[in-house]
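Everything numeric in this text was worked out from a predicted model, so none of it was measured. Below, chains carry the letters A, B, ... as their sequence lines are ordered, and counting in each starts from 1.
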Amino acid sequence: MTNQNETDEKINASGGSKGSKNFEHFYRSLFASTFLISAFTVGGGFVIIPLLRAKYVDEYGWLTDEETLNLVAIAQSMPGAVAINAAVLMGFRMRGLPGALTAMVATVLPPLITISLITLAYAAFADNPIIQFILKGMQCGATALIINVAIDLIRKQIKKRLVLPLMIILATFIANFALGISIMYLILIDGIIGLLLMRDEIYS
Amino acid sequence: MIYLLLFFEFAKISIVCVGGGYASMPLMEASVVDAHHWLSLSEFIDIFTISQMTPGPIGINAATFAGMKIAGPLGAVCATMGFVTPSVLLSLIVAKIFFKYGDIGPVQGILNGLRPAVVALIVSAGLGFVFLALWNTEHRPENFLAFDKSHAIILALAIIATAKKISVIKVLLGSGALGLIFGIMGL
């Protein structure tokens, strides 16, 4: 927790007098900056993280560069949405649980509101034939994105020249696509294989 | 109770999707489309498309869309919180362990095993998308030669455009425009 105290000092040093006003100011700035970044960033975690870093580290000095890098590395290797994991970890590092909660709500709210409104519009317009033509065209575009992502991921795995991951890819694909085995079982089996055989640094 | 079900279903999806936005897709499809029939595959791909053009992680967007459609605003909040909670808790725990011991070997091992699995699942889901785009079926088409030619043209152009690093939004808007033109021409 020494780090948190350091951060407190940093904030107090930059904000002048100590006291509750300062804390209020911190949470308001944290919420506002995170909310705005989340609201206007299209393109997921790898776009949003550098922006958060620029705000927290460069502009406000709430975190050091090195601890941010560590936190981002952890966020990226964890399941779930990378941007949210990263924001929460940074919030936690700055102010413990209240900081984590503030960062979480600020990152989740913008997409929650945007998509809720879009869902209402979608329900109203999806049956319109013009909209259907456009959506069908866009489905083809989205399919192209997935194909490219898939090719890219496979190419990266092949480049690593490791036998075990390639075998997992092949076996999991056959089991899921050709044999129709449930994804949850496959995830469980592959997780156990990873736990037993793939702890080495080369696999990460 | 639908709200709890939404929360736990998306919690389940969240905890097993390692490797960024696209990784959550196959799992979400298996749950939301195949197991619970909350959405059709076509609606699911529409969410995915919309997610590419709006702010926010695809997992959150899909959870919000599905929750909203099934159970209104409260459903959206429950599904989204379900998607966020487990991964955030796990991240916090692992970060604690990391800053205390500097070693997260076992967790890393599990995730190393899941990463290639997710690659396979994305390929598998991608083929499902292709079936829907070209043959209008969610399963393997019966007659591979009877595909939709105008959609094949859009798909081919979009693949070339993405490979040339043209931005995602431009690719999607272009595909939508072509879909509209072909549709009006009755192709």
Quick one: what part of [X] sits under 4.5 Å from any heavy atom of chain A, side chain, backbone, both or neither?
X	result
B/Ile50	side chain
B/Val130	both
B/Ser42	both
B/Leu134	neither
B/Phe83	side chain

Do you know which of [options] has the most heavy-atom pairs with chain B at a distance under 4.5 angstrom?
options	answer
A/Thr114, A/Leu112, A/Ile84	A/Leu112
A/Pro129, A/Ala126, A/Ala123, A/Pro111	A/Pro111
A/Leu188, A/Leu153, A/Leu89	A/Leu89
A/Val108, A/Ile146, A/Ile154	A/Ile146
A/Ile193, A/Leu186, A/Thr107, A/Leu135	A/Leu135
A/Ile147, A/Leu145, A/Asp152	A/Leu145

Shorter than 4.5 Å, heavy atoms on both sides: which option in [options] has the most such pairs with chain A?
options	result
B/Ala125, B/Ser175, B/Ala30, B/Pro26	B/Ser175
B/Leu178, B/Ile154, B/Leu121	B/Leu121
B/Leu173, B/Ile47, B/Asp34, B/Leu127	B/Leu127
B/Ser91, B/Gly126, B/Ala133	B/Ser91
B/Ala120, B/Ala163, B/Ala158	B/Ala120
B/Leu92, B/Leu90, B/Thr80	B/Leu92

With a 4.5 angstrom heavy-atom cut-off, is it the side chain or the backbone of [X] that approaches chain B, or both, or neither?
X	answer
A/Pro165	both
A/Ile118	side chain
A/Ala39	backbone
A/Ser38	backbone
A/Met184	side chain
A/Gln139	both
A/Ile151	neither

**Message:** If the contact rule is any heavy atom under 4.5 Å from chain B, which residues of residues 176-183 of chain A qualify, in numerical order?
**Reply:**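 If one takes a 4.5 Å heavy-atom cut-off, the residues of residues 176-183 of chain A near chain B are A/Asn176, A/Phe177, A/Ala178, A/Ile183.
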**Asked** Do B/Lys149's NZ or CZ and the ring of B/Phe147 fall within the cation-pi criteria of under 6.0 Å and 45°?
**Response** yes
Taking all heavy atoms of [X] and all of [Y], pick out the closest pair and write down the distance.
X	Y	result
B/Thr64	B/Ala76	O-CB, 3.6 Å
A/Lys136	B/Leu132	NZ-O, 3.3 Å
B/Ile184	A/Phe133	N-CE1, 4.0 Å
B/Leu172	A/Met138	O-CG, 3.4 Å
B/Ser51	B/Asn61	OG-CB, 3.1 Å
B/Ser87	A/Asn85	OG-OD1, 3.3 Å

**Item:** From CA spacing to verdict: side chain to side chain contact (heavy atoms under 4.5 Å, CB included), B/Phe44, B/Met25
**Value:** CA-CA 9 Å; B/Phe44 182 78; B/Met25 218 188 47; 3.8 Å; yes
**A/Lys160 atom NZ: more than 12 heavy-atom contacts under 6.0 Å** = yes
**Request:** In sequence, state the C-alpha distance, the side-chain angles, and the governing distance for A/Phe173 and A/Leu170, and then conclude on side chain to side chain contact (heavy atoms under 4.5 Å, CB included).
**Result:** CA-CA 5 Å; A/Phe173 176 73; A/Leu170 194 65; 5.6 Å; no
**Asked** Which of these passes side-chain contact (heavy atoms from CB on, under 4.5 Å) with A/Trp62: A/Met94, A/Arg93, A/Met90?
**Response**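 When A/Met94, A/Arg93, A/Met90 are each tested with A/Trp62, the side-chain contact (heavy atoms from CB on, under 4.5 Å) holds only for A/Met94.
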**Message:** Among A/Thr34, A/Thr64, A/Thr68, which residue satisfies the side-chain hydrogen bond (donor to acceptor under 3.5 Å, both in side chains) criterion with A/Tyr56?
**Reply:**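 So the option named by the test is A/Thr34.
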**Request:** Determine the interplanar angle of the B/Trp135 and B/Phe131 rings, folded into 0 to 90°, and report it as parallel if under 30°, tilted if 30 to 60°, perpendicular if over 60°.
**Result:**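 Aromatic pair B/Trp135/B/Phe131 classed perpendicular.
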**Request:** Examine distances only and state if a side-chain atom of B/Asn112 and a backbone atom of A/Met198 form a donor-acceptor pair shorter than 3.5 Å.
**Result:**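 Such a contact is found between B/Asn112 side chain and A/Met198 backbone.
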**Flag, side chain of B/Ser31 to backbone of B/Leu27, donor-acceptor distance under 3.5 Å** = no
**Candidate pair B/Met28 and B/Phe48, rule side chain to side chain contact (heavy atoms under 4.5 Å, CB included), full reasoning** = CA-CA 11 Å; B/Met28 211 171 287; B/Phe48 175 77; over 6 Å; no
**Fill in**
Across all chains, not counting sequence neighbours, the salt bridge (charged side-chain N to carboxylate O under 4.0 Å, His left out) partners of A/Arg199 are none
**Request:** Take A/Met78 and A/Ile74, measure what side chain to side chain contact (heavy atoms under 4.5 Å, CB included) needs, and give me the verdict at the end.
**Result:** CA-CA 6 Å; A/Met78 289 300 118; A/Ile74 294 171; 4.2 Å; yes
